[in-house]
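Just so we're on the same page: letters track the sequence lines, and every chain starts at 1. Quick caveat, the model's predicted, so the values are computed rather than measured. Values below: all heavy atoms of this structure, side chains included; hydrogens, waters and symmetry mates excluded.
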Amino acid sequence: MVAKYNPGEMEKKWQQKWAEDRLYEVNEADLRPKWYALTMFPYTSGDLHIGHWYAMAPADVHARFKRLQGYNVLHPMGFDTFGLPAENAAISRGIHPFTWTMQNVDNMRRQLKSMGAIYDWSREVITCLPEYYKWTQWFFLKLYENGLAYRGKAPVNWCPLCQTVLANEQVVDGFCERCGAPVTRRDLEQWFLRITKYADELMQHNGIDWPERIKTMQRNWVGKSLGTEISFALDRPGVDEREIRVFTTRPDTTFGVTFMVLAPEHSLVAKLTSPDMKAEVGEYVARSQRLTEVERLSTEREKDGVFTGAYVINRLNGESVPIWIADYVLLSYGTGAVMAVPAHDERDFAFAKKYNLPIRVVIAPPGWQGEELEAAYTEPGTMVNSGQFNGLPSEEGINAITGFLEERGWGRRTTIYRLRDWLISRQRYWGAPIPMIYCPNCGVVPVLEEDLPVLLPEDAEFRPTGESPLKYHQGFVNTTCPRCSGPAERETDTMDTFMCSSWYFLRYVSPNCNTAPFDADQVEYWLPVDLYTGGAEHAVMHLLYARFFIKALRDMGLVDFDEPFTRLFNQGVIIAQKQKMSKSRGNVITPDEYVSELGADAVRAYLMFVAPWEHGGEWDDSGISGVSRWLNRVWNLVLGGYSCSGEVSPAVQQKVERELSRIRHQSIRKVTDDLERLRFNTMIAALMEFTNHLDKVKQAGAVDYLHWTENVDTLLLLLTPTAPHMAEELWQRTGHSYSIHNQGWPQWDEEMAKDEEITLVVQVNGKLRDRIMVPTSISEAQARQLALESQRVKAHLEGKEIINTIYVPGRLVNLVVR
RNA sequence: GCCGGGGUGGCGGAAUUGGCAGACGCAGCGGACUUAAAAUCCGCCGGAGUAAUCCUUGUGGGUUCGAGUCCCACCCUCGGCACCA
C-alpha cells in the first residue's frame with residue numbers, strides 16, 4: 001500500500017530543510033549567468049490573500065524554472081510599509097503604526113514562507129525601518145543637490161478625509177484613490193520632484209519589453225503635445241505685463257479668435273479686472289476654488305465664466321478681444337490661458353453660444369457657403385477670413401502662421417506636457433521625514449548626510465489634524481542649523497510612500513550595506529531587473545516613478561543603465577463571487593486553510609491553471625479539487641510501483657516505448673516553451689497530459705523498467721517549479737539524492753519529439769470528409785492517392801470534376817470539385 | 001467621446017498564428033468497487049438527427065481551395081484616458 005499524500009507535514013519539512021541548508025541564498029560570486037526575478041513587494045495591509053499568491057506563486061515558478069535552467073537567480077521579497085492605510089488602521093485600532101505594521105510583516109512573512117518560494121530571506125527589505133529610510137532620505141538629498149527636488153507653492157489636491165495632499169496620480173476621477181473622498185484644492189508650500197525634466201525620455205520605452213497597454217498609459221499620462229505659444233498684446237493702465245501668452249495646437253485658427261479665457265487662478269486676473277467687474281469676478285474665483293475636483297472636471301457641467309472687463313490685442317489682425325475667466329481652463333496646463341475660437345472648438349462654441357459672443361468661421365468646411373455653423377467645425381479645411389492666408393489648406397496654415405509669428409517675435413513652436421512635477425510632501429506621521437531644516441538665518445538647509453537618518457519619533461501623536469503630526473513634537477521640530485549652528489526647525493512633512501518603492505529593488509542586492517544605499521558592484525552585477533511582475537494598477541505611479549528615479553540616478557553617475565525593469569509582465573486579478581476581493585465586500589479568500597488542507601503545491605498549481613496569468617480569474621473550490629486530484633495521481637503513479645506485464649510482444653513493446661519517448665520529448669518542449677512565455681495554464685495542461693499517458697503505460701505495463709523510471713524522473717523535474725515540495729519528496733523516495741532543486745532542467749531532442757504518424761485530413765471543397773493515419777514521411781503523390789481512394793471521399797466526388805488539389809504537407813489534402 | 005484588451009460548450013479555458021474547433025480541467029450522465037456513501041477507477045459528454053449528414057467560435061458582410069484566426073460594418077463587455085486648448 002502506498003503512503004498517503006500528506007502535503008501538510010511534508011511541505012513544512014522541506015521548507016525547514018531548504019532554509020537550514022540555505023538552498024536559495026545567492027551571491028554574485030556565482031559563475032552562472034545572473035537572473036533578477038522581481039515581484040512587486042506587498043503593502044503590509046494585514047493578511048495575505050489569494051490575490052497576493054496569484055501575483056507571487058507563478059512568478060516563483062518562473063524564477064525556479066530559470067534556476068533549474070542554470071541561472072544564478074535573485075528572487076527577493078520585502079515589505080512596503082509606510083503610508084496612510086497603516087496609519088489609518090493603527091488609529092482605528094488604537095495601536096502604534098509601527099507595532100501594527102510589524103505584526104503584519106510577521107504574519108505575511110509566515111504566510112509567504114508557506115508558499116515554498118525561493119525567496120532569499122536574508123535580503124528582506126522593510127521600508128519603515130531606519131536602516132532603510134535613511135537611504136530614502138539620502139536619495140532626497142541627492143535629488144535636492146541636483147536640482148531635482150524643490151519647494152514650491154502650488155494649488156494641490158487635498159483629501160479632506162485623509163487630511164493630506166495627494167499626487168495627481170493618487171486622484172482618480174476627482175476622488176481620493178485611497179479613501180474615496182472628493183478631493184478639493186488648496187494652495188500650500190510643498191516639496192516637488194522634477195519628474196517633468198524626464199518627460200520626453202519617460203515616453204520612450206527603448207530596449208524594454210513591456211506590455212503595449214502600460215506603455216500607452218504612460219505615454220498618455222505624460223501627454224506630450226506639440227503646438228505654438230502665441231503672444232497677445234496687453235495694454236492696460238497700471239498693469240506691468242505687456243502680453244498674455246496662450247498655448248494652442250491650432251495656430252491656423254488664430255484669425256477666428258473672438259475672446260480669450262484665463263483660468264480663474266491665473267495671476268493676471270486680479271490685476272486686469274476692471275473696477276465694475278471686480279465683485280462678480282471675485283465671486284467666480286472664490287466659487288471655483290470651493291468646487292471639488294470632480295465638480296470642476298465634470299464634462300456634463302455647462303461651461304460658465306465671467307467677463308473681466310479687460311481686452312487683449314490679436315496681433316495678427318489687430319483686433320481687440322475680450323478677456324473672460326472660466327474654470328474649464330486649467331492653470332496647470334499650458335499657460336493657463338486659452339485663445340477661444342468658437343467656430344472650431346466645441347468648448348469655445350458652447351461658451352460663445354451661452355454668452356452671445358461672436359463666432360467667426362476661419363476654416364471653411366467642404367462646400368461651405370458662408371452660412372452660420374450649427375456646431376464647431378474641428379476638422380481640417382480651407383482657410384478663410386484669415387488675411388493673406390486665405391485659400392491655404394489648414395494643415396499648411398499651422399506651419400505658415402507659426403512661421404509668420406516667429407519671424408515677428410509674436411510666438412514660437414513649443415511642446416507641453418500633461419505630466420506635472422511629482423508632489424511628495426505628506427502631512428502625515430507614518431512616512432520617512434523629509435530631511436530639510438528651516439533656519440531663520442540660512443533659509444532652507446539640507447540635513448547633513450552624516451546626520452541621517454532623521455528618525456521618526458516614536459512618541460508623536462499621530463492623529464490627523466490637517467497638519468503634520470510632527471509639527472507638534474517639540475523634540476523633533478527643534479534642532480540646530482547645520483550651517484550656522486543657530487536654532488532652527490525641521491521640515492515636518494513626510495514623504496510619499498512611492499519614494500520608498502522607487503528604489504527598493506536596488507536595496508535587495510546589498511540589504512546590509514551601511515555606507516551607501518547599495519553596493520555599486522552588486523548593482524552592476526544584478527541590475528537591471530530581468531523580469532518584473534505585478535499588477536497593472538501601478539502603470540502611471542510606481543512604474544513611472546521608478547523609471548524616473550533610475551534616470552535621475554544615472555545622470556548623477558550612481559547607476560549606469562537607463563531602465564530599471566527590462567521585461568514587465570502584469571498578471572490579472574483573482575476575483576471571488578464575481579467581485580474583486582476586498583475586506584469591505586467580505587469576500588477575501590485566505591490561502592491558509594487551502595494550504596493546510598490541500599497543500600501549497602496544489603494552491604500554486606491551481607492558481608496557474610485557472611486562466612492565462614494575465615487574465616486572472618474566479619477562485620473556485622471545485623476547480624482546485626481537480627488540480628489536487630491530479631497531484632494525488634502523480635503521487636500514486638510514482639510510488640505505486642511498476643511492473644512489466646510480460647505478455648507484451650517485443651514489437652508492441654518497442655512501439656509503445658518509442659511513443660512514450662516521443663511524448664516525453666514533446667512534453668519537455670511544451671513545458672519549457674510555456675514557462676518561457678509565462679503561459680502557466682497550458683504548461684499545467686501539458687503536465688497533466690504527460691501524467692495521463694504515463695498512467696496508461698503503467699496499466700499496460702508495456703515498457704521496460706528503465707524506460708519507466710526515466711520518464712518518471714522527467715515528470716518530476718518538469719513538476720519541480722510548480723510543485724517544489726512534492727517533487728522533492730518523490731525525488732527522494734525514488735532513490736535520488738537531495739536536492740531535485742539542484743538538478744538541471746531536462747532537455748528535449750527535436751528528432752525524438754517528431755511524430756512518426758500524422759492524421760492526414762482529407763477535405764472536399766474545404767469540408768472535412770475523412771481522416772487517414774499516414775507516416776510523416778508520406779509524399780504528396782501518395783497523400784493524393786490515399787485521399788482519392790478513401791470511400792468516404794469517393795461519395796463526395798461522385799459525378800464531380802476535380803479542378804484543383806491543395807496539399808499542405810503533414811496536414812491535409814483538399815480536393816476542389818465542381 | 002477617444003485609446004487599448006476581449007466575446008469559443010453548462011463553466012474555466014485550448015487551438016503549432018490561415019489548415020481536424022472544443023486540448024486540459026470542472027460540473028453532469030452511465031458503469032465498476034462498496035451493505036451503503038465518500039474516495040478511487042473505467043466510459044460518455046456543443047446542438048439537431050435512427051442514420052448518412054447538417055448546424056455551431058457575439059451579429060452581418062467580404063477575401064480565400066479553406067476563416068475562431070485576415071479585412072469592413074455593427075452589437076456587447078472589461079480596462080485606461082477624458083473640458084489638455
Side-chain angles (χ1 to χ4, degrees), chain A residues 172-173 211-221 223-225 227-228 246-250 253 261 263 296-301 303 326-330 332-341 344-348 350-351 416-419 536-537 539-540 570 572-573 606 609-612 614-627 629-630 632-633 636 669-670 673 679 681-692 695 699 758-771 792 795-796 803-817:
Chain A
V172 178
D173 294 333
E212 212 47 57
R213 184 164 125 248
I214 301 290
K215 292 194 282 186
T216 308
M217 279 166 73
Q218 292 199 342
R219 277 196 296 268
N220 290 342
W221 188 260
K224 181 176 185 167
S225 71
T228 307
V246 299
F247 173 80
T248 180
T249 53
R250 293 294 304 275
T253 64
V261 189
R296 181 151 172 194
L297 288 181
S298 164
T299 31
E300 273 106 73
R301 214 174 111 241
K303 288 161 202 15
D327 61 12
Y328 76 87
V329 174
L330 309 173
S332 55
Y333 189 76
T335 60
V338 171
M339 64 180 213
V341 186
H344 306 294
D345 181 284
E346 280 158 31
R347 293 154 300 172
D348 299 344
F351 198 84
I416 60 166
Y417 299 91
R418 208 186 79 109
L419 182 72
E537 68 274 15
V540 294
N570 301 113
V573 180
Y606 172 63
F609 188 58
V610 248
E614 66 270 32
H615 283 197
E618 168 94 24
W619 178 267
D620 174 8
D621 280 0
S622 61
I624 192 172
S625 68
V627 169
R629 276 205 278 263
W630 165 59
N632 270 289
R633 276 194 310 125
N636 293 324
R669 180 173 63 189
K670 174 76 177 151
D673 193 50
R679 315 251 316 200
N681 58 332
T682 49
M683 184 234 6
I684 303 276
L687 288 174
M688 286 173 168
E689 282 182 81
F690 190 30
T691 309
N692 292 346
D695 242 332
Q699 269 165 38
I758 50 123
T759 312
L760 183 74
V761 170
V762 185
Q763 297 179 336
V764 177
N765 281 348
K767 293 208 174 195
L768 176 78
R769 293 306 175 193
D770 202 2
R771 302 168 221 235
R792 286 154 171 272
H796 290 93
I803 52 170
N804 194 8
T805 307
I806 312 285
Y807 175 66
V808 183
R811 287 201 195 286
L812 60 79
V813 174
N814 185 11
L815 303 166
V816 185
V817 301

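- Listed pair A/Arg418 / B/rA85 fails the phosphate criterion, with no side-chain N or O lying under 4.0 Å from OP1 or OP2.
- Looking at A/Asn765, its side chain does come within 3.5 Å of a backbone N or O of A/Val817 through a donor-acceptor pair.
- Rounded to a whole Å, the CZ atom of A/Arg769 is 8 Å from the C1' atom of B/rU53.
- Remark: the separation of the C1' atoms in B/rG22 and B/rG47 is 13 Å, to the nearest Å.
- Residue A/Val338 is in base contact, counting any heavy-atom pair closer than 4.0 Å across all strands shown.
- Spacing between B/rU8 and B/rC76 at atom C1', rounded to whole Å, works out to 15 Å.
- Remark: C1' of B/rC24 and CZ of A/Arg629 are 13 Å apart, rounded to the nearest angstrom.
- Checking B/rA27, B/rC84, B/rC3 against every side-chain atom of A/Arg347, the shortest atom distance belongs to B/rC84.
- Contact between the side-chain N/O atoms of A/Lys767 and the OP1/OP2 oxygens of B/rC55 is found at a separation under 4.0 Å.
- Taking a pair to require two hydrogen-bonding distances under 3.5 Å in either a Watson-Crick or a G-U wobble arrangement, B/rA52 remains unpaired.
- For the pair A/Leu330 CG and B/rA82 C1', the interatomic distance rounds to 12 Å; values are reported in whole Å.
- Heavy atoms of A/Arg633 sit under 4.0 angstrom from primed sugar atoms or phosphate atoms, though from no base atom.
- Distance A/Glu537 CD to B/rC78 C1': 15 Å, rounded to the nearest Å.
- Only the P atoms considered, B/rA14 is 12 Å distant from B/rG6, to the nearest whole Å.
- No donor-acceptor pair closer than 3.5 Å links the side chain of A/Asn804 to the backbone N or O of A/Val816.
- With P as the reference atom, B/rU69 and B/rG30 are 38 Å apart, rounded to whole Å.
- Between A/Val261 and A/Val329, the closest heavy-atom pair is CG1-CG2, 3.5 Å.
- A/Asn814 is not listed as a side-chain neighbour of A/Thr805, based on a closest heavy-atom distance of 4.5 Å or more.
- Rounded to whole Å, the separation between the P atoms of B/rC24 and B/rC45 comes to 12 Å.
- For B/rG10, the glycosidic angle deviates from 0 by more than 90°, giving an anti base.
- Minimum atom distance to the side chain of A/Glu689 is reached by B/rA23, of the listed B/rC20, B/rG25, B/rA23.
- A salt bridge links A/Glu212 with A/Arg219: the closest approach of a Lys/Arg side-chain nitrogen to an acidic carboxylate oxygen falls below 4.0 angstrom.
- Look at CD on A/Glu212: it is 13 Å from P on B/rG6, rounded to the nearest Å.
- Of the side-chain N and O atoms in A/Gln699, none sit less than 4.0 angstrom from OP1 or OP2 of B/rC41.
- Residue A/Ala686 is the one, among A/Ala686 and A/Leu815, whose nearest nucleotide of RNA chain B lies closer to the 5' end (criterion: closest heavy atom).
- Comparing A/Gly334 and A/Val627 along RNA chain B, the residue whose closest nucleotide (by nearest heavy atom) sits nearer the 5' end is A/Val627.
- When each of B/rA85, B/rC20, B/rC3 is scored by its nearest atom to the side-chain atoms of A/Thr249, the top-ranked nucleotide is B/rA85.
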At a cut-off of 3.5 Å, list every protein nitrogen or oxygen paired with a nitrogen or oxygen from nucleotides 10-19 of chain B, distance to 0.1 Å.
from   : atom 1 : to       : atom 2 : distance (Å)
B/rG12 : O2'    : A/Val610 : O      : 2.5
B/rG13 : O3'    : A/Asn681 : ND2    : 3.4
B/rA14 : OP1    : A/Asn681 : ND2    : 2.9
B/rA15 : OP1    : A/Arg679 : NH2    : 2.7
B/rA15 : OP2    : A/Arg679 : NH2    : 3.3
B/rU16 : N3     : A/Arg811 : NH1    : 3.4
B/rU16 : N3     : A/Arg811 : NH2    : 3.2
B/rU16 : O4     : A/Arg811 : NH1    : 2.8
B/rG19 : N2     : A/Gln763 : OE1    : 3.3

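- Protein atom OH of A/Tyr333 is 9 Å distant from nucleotide atom P of B/rC84, rounded to whole Å.
- Applying the 90° criterion around 0 to the glycosidic angle, B/rU17 comes out syn.
- Pairing for B/rU63 is absent, judged as Watson-Crick or G-U wobble with the two contacts each under 3.5 Å.
- A distance-only check finds no donor-acceptor pair linking the side chain of A/Asn220 to the backbone of A/Gly223 [under 3.5 Å].
- Scanning all heavy atoms of the two residues, the minimum distance from A/Asp348 to A/Met339 falls at OD2-O, 3.9 Å.
- Spacing between B/rA27 and B/rG12 at atom C1', rounded to whole Å, works out to 11 Å.
- What separates CE of A/Met217 from C1' of B/rG79 is a distance of 8 Å, to the nearest Å.
- Judged by distance alone, the side chains of A/Arg213 and A/Asn570 never bring a donor and an acceptor atom under 3.5 Å apart.
- Contact between A/Val540 and A/Met217 at its shortest, heavy atoms only, is CG1-O, 3.7 Å.
- A distance below 6.0 Å separates the ring centres of A/Trp619 and A/Tyr606.
- Rounded to whole Å, atom P of B/rC41 lies 10 Å from atom CG of A/Asn692.
- Across the P atoms, B/rC74 and B/rG9 are found 24 Å apart, a figure rounded to whole Å.
- Rounded to the nearest Å, the gap between the C1' atom of B/rU57 and that of B/rG13 is 13 Å.
- Searching all strands for a Watson-Crick or G-U wobble partner of B/rG4 with both distances below 3.5 Å returns B/rC78.
- You'll find that the side chain of A/Ser225 is closest to B/rA85, out of B/rA82, B/rC24, B/rA85.
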